[in-house]
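Have a look at the structure below before the remarks.
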Amino acid sequence: MNIVEQVKSKLKQEIAAAVIKANLATEEQIPDVVLEIPKDKVNGDYSTNMAMQLARVAKKAPRMIAEELVAHFDNSKASIEKIEIAGPGFINFYMNNSYLTDLIPAILDAGDQYGETSIGNQEKVQVEFVSANPTGDLHLGHARGAAVGDSLCNVLAKAGYDVSREYYINDAGNQINNLALSVEARYFQALGMDKSMPESGYHGEDIIGIGKKLAEEFGDKFVEMDEKERFDQFREYGMKYEMAKLKQDLEDFRVSFDVWYSETSLYHNGKIDAALQNLRDNGYIYEQDGATWFRSTEFGDDKDRVLIKQDGSYTYLTPDIAYHRDKLERGFEKLINVWGADHHGYIPRMKAAIQALGNNADTLEVEIIQLVHLYKNGEKMKMSKRTGKAVTMRDLVEEVGLDATRYFFAMRSADTHLDFDLDLAVSQSNENPVYYAQYAHARISSILRQAEEQNLAAAAQGDFSVIQSEKEIDVLKKLGEFPEAVGEAAQKRMPHRITNYIFELASVFHSFYNAEKVLDLEQVEKTTARLALIKAVQTTLKNALALIGVSAPEKM
RNA sequence: GCGCCUUUAGCUCAACUGGAUAGAGCAACGGCCUUCGAAGCCGUAGGUUAGAGGUUCGAAUCCUCUAAGGCGCACCA
């Protein structure tokens, strides 16, 4: 807990104590103390709505309650300068903010670790994201999923959760067969022979590339080959090729996974049968019309779902249930799936499965990533995976730049439709929000370089009481909020909160920078203190940017 | 037809999950560089939070209805 969190929690305790002392409510009746930072500074550093919340219990007017509360409040205990009652009954606390300077050595000391909290309590969380079929390039939607999923994992880890990142490889089933047939067609075509694409084949550029590569490497070796054998080889080759590309693309996007989980493996290690048996034992399986059904309606799904088709093969759901069962068997307490909006209809049956296996429904959380629309020259760009005309993640990064792309996706909450304005993201100007934060970091780096040239070093510790101007206090307050911002972003699964925080921190810094000079040879003590302050900002900015996968450049 | 998501300034989005005068960026307008990076800062203007009811001290936020847009609704994956 840093000093800000300590002061806050102290304040909360004192508020609760005052409620009891003033006889406004009993220990059981007292609601959670809500402490907010008012939007406008004239309303104090902190504010509580306790008086309003107690209105019903105490059966009195909020303002009266507030007055009684304040009368019983022990000012001496929590760095309070004054307390005021305002509006409908807000109690506003004006702090003696000198304690905030303790943050500076604390942040410098923590370094990369600043922002870490233990709020996650080492809960074992597994996050599954991207999980795109290895049948073509990752496109725009995957990029958003990758950015959000990765940022979420970073945030969770920072907040003290034990996070595992996982990618589910759909390497079984029809789509892979279609991949093999698509590769086959492209191979023949590369040899100048006529072969039409399968009905639901993949028309992406990359498959054409595979066909060409095969033709160059092996000539017509496969033409005369037994059809079945050729199919198997192309299937294998196509898969490996696609997976390698996919991993590389994700790595280039600064996204890595702890586990790549193969769907096919579930077929080979008996886990599907085990899952089916588990469901059967629990009484949620029945046979009808020659198929095997899962009674998912028991848990609120619209209709029961087929697990084994009439032809004896599994539906997509069946191995997926086995997969989720396996996740739980591996000891994860919380499963978070990041899915595209087109899969949201799938949530009820998956949650039903989780429950049918004997777990709480909210063991599984699904974060839905809404669609991305790309705009260029003010026009919406059409995309379709089938025709292969989708804008790929690689194209996007190439055109926009990695940092800008990651920042752009991390900026917005995941459950809102997103318009990606290419012209804006590409622009190397103040129109592009990513530079705002990076610029602050580069600016600080530049000052620190110059300080070094003048043999001035940031004070490591000691007396920071010279830090007291309004702008400086604003910066300190914002710095102190970081661990809390991380904790909230993690608990609410809203990584975009971090991006908001980054913007706010950069903003208070820029504002300070323009108002006051850091380097001043006339006032060495103040200079070294301020160098330490901006160094703390630099550290915090860097840590925050790292959470959303954006670099913190020292020069731009 | 049913379900989920969305609707906030001209545009793109926030708003600490029920709090005070709804905030940023871009676009518009006006200021600030012979001193640490002007990719910055300061200011002005811009709103019936899609619409109508309801819940309460208090609603962009919760409930109901309506409208618009998106995505789903397989023995596909």
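Just the heavy atoms: all of them, side chains too, but no hydrogens, waters or symmetry mates, feed the values below.
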[X] [atom1] to [N] [atom2], straight-line distance once rounded to whole Å:
X      : N     : atom1 : atom2 : value
A:M64  : B:C57 : CE    : C1'   : 15 Å
A:E484 : B:C16 : CD    : C1'   : 9 Å
A:N514 : B:C33 : CG    : C1'   : 10 Å
A:Y346 : B:G72 : OH    : P     : 16 Å
A:E5   : B:C16 : CD    : P     : 20 Å
A:L521 : B:U35 : CG    : C1'   : 12 Å
A:L317 : B:C73 : CG    : P     : 14 Å
A:L35  : B:G19 : CG    : C1'   : 13 Å

Is the terminal nitrogen or CZ of A:R412 (NZ for Lys, CZ for Arg) located under 6.0 angstrom from the six-membered ring centre of A:F408 and within 45° of that ring's axis?
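Relative to the ring axis of A:F408, which defines the angle, A:R412 lies inside both limits.
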
Nucleotide nearest [X] (side chain, heavy atoms from C-beta), chosen from [options]:
X      : options             : value
A:K492 : B:A20, B:U17, B:C36 : B:U17
A:A341 : B:G37, B:C36, B:C71 : B:C71
A:Q53  : B:G19, B:C75, B:G40 : B:G19
A:A86  : B:A20, B:G70, B:G37 : B:A20
A:F90  : B:C41, B:G19, B:G37 : B:G19

Got a salt bridge between [X] and [Y], using NZ or NE/NH1/NH2 to carboxylate O under 4.0 Å?
X      : Y      : value
A:K526 : A:D520 : no
A:K478 : A:E481 : yes
A:R497 : A:E484 : no
A:E516 : A:K471 : no

Using atom [atom1] in both nucleotides, what's the gap between [N] and [M] to the nearest angstrom?
N     : M     : atom1 : answer
B:U8  : B:A15 : C1'   : 10 Å
B:G58 : B:U17 : C1'   : 16 Å
B:G43 : B:C36 : C1'   : 24 Å
B:U56 : B:G3  : P     : 27 Å
B:A27 : B:G37 : P     : 25 Å
B:C16 : B:C75 : C1'   : 47 Å
B:U55 : B:A67 : C1'   : 23 Å
B:U44 : B:G23 : P     : 13 Å

Select base, sugar-phosphate, or nothing to describe what [X] touches, counting heavy atoms under 4.0 Å on all strands.
X      : value
A:F503 : sugar-phosphate
A:E516 : base
A:A61  : nothing
A:A440 : nothing
A:E554 : base
A:D520 : nothing
A:L519 : base
A:Y436 : sugar-phosphate
A:T315 : sugar-phosphate
A:K303 : sugar-phosphate

Quick check on B:C41: syn or anti? Syn means the glycosidic torsion is within 90 degrees of zero.
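Nucleotide B:C41 adopts anti.
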
Please state whether the phosphate of [N], meaning OP1 or OP2, lies under 4.0 angstrom from any side-chain nitrogen or oxygen of [X].
X      : N     : answer
A:Y513 : B:A38 : yes
A:Y316 : B:A77 : no
A:Q450 : B:G37 : yes
A:R530 : B:C36 : no

Donor-acceptor side-chain pairing of A:S445 and A:Q538 below 3.5 angstrom
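Yes - a donor-acceptor pair under 3.5 Å links their side chains.
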
Between the side chains of A:D403 and A:Q438, is a donor N or O closer than 3.5 angstrom to an acceptor N or O?
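Checked: A:D403/A:Q438 side chains pair up, N/O donor to acceptor below 3.5 Å.
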
Comparing A:A506 and A:F512 on RNA chain B - which has the more 5′ nearest nucleotide
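Whichever sits nearer the 5' end wins; that is A:F512.
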
RNA chain B: A:A55 or A:I447, which has the more 5' nearest nucleotide?
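Going by which nucleotide is closer to the 5' end, it is A:I447.
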
Tell me which pairs pass salt bridge (Lys or Arg N to Asp or Glu O under 4.0 Å) where either residue lies in residues 169-178 of chain A, with sequence neighbours left out.
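Non-adjacent pairs meeting salt bridge (Lys or Arg N to Asp or Glu O under 4.0 Å): zero.
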
Scan A:I285, A:T318, A:V306, A:T315 and name whichever one has a side-chain contact (heavy atoms from CB on, under 4.5 Å) with A:T292.
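The residue from A:I285, A:T318, A:V306, A:T315 that satisfies side-chain contact (heavy atoms from CB on, under 4.5 Å) with A:T292 turns out to be A:I285.
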
Would you compute the distance between atom OG1 of A:T135 and atom CG of A:L179 and round it to the nearest 0.5 angstrom?
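So the OG1 of A:T135 and the CG of A:L179 are separated by 6.5 Å.
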
N/O donor-acceptor pair, side chain [X] with base [N], under 3.5 angstrom:
X      : N     : result
A:D342 : B:G72 : no
A:N92  : B:A20 : yes
A:H344 : B:G3  : yes

Quick one: does any side-chain atom of A:N92 pair with a main-chain N or O of A:G44 as donor and acceptor, under 3.5 Å?
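No, the answer is negative, given that no donor and acceptor are paired below the 3.5 Å cut-off.
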
What's the verdict on side chain to side chain donor-acceptor pair (under 3.5 Å) for A:H343 and A:N337, showing C-alpha distance, side-chain angles and the deciding distance?
CA-CA 11 Å; A:H343 287 87; A:N337 290 351; over 6 Å; no

Starting at the 5' end of RNA chain B, write a dot or bracket for each base, bracketing those in Watson-Crick or G-U wobble pairs whose two distances are under 3.5 Å and using | for partners on another strand.
(((((((..((((.....[...)))).(((((.......))))).....(((((..]....))))))))))))....

Would you give a per-nucleotide map of nucleotides 5-15 of chain B, 5' to 3', where B means the base has a protein non-hydrogen atom under 4.0 Å away, S means only the sugar-phosphate does, and - means neither?
BS-----SSSS

Go through the steps for A:Y202 and A:E242 under the test side chain to side chain donor-acceptor pair (under 3.5 Å), then give the verdict.
CA-CA 12 Å; A:Y202 299 105; A:E242 290 294 334; over 6 Å; no

The test is side chain to side chain contact (heavy atoms under 4.5 Å, CB included); show your working for A:E298 and A:Q355 and say whether it passes.
CA-CA 10 Å; A:E298 195 86 7; A:Q355 291 173 82; over 6 Å; no

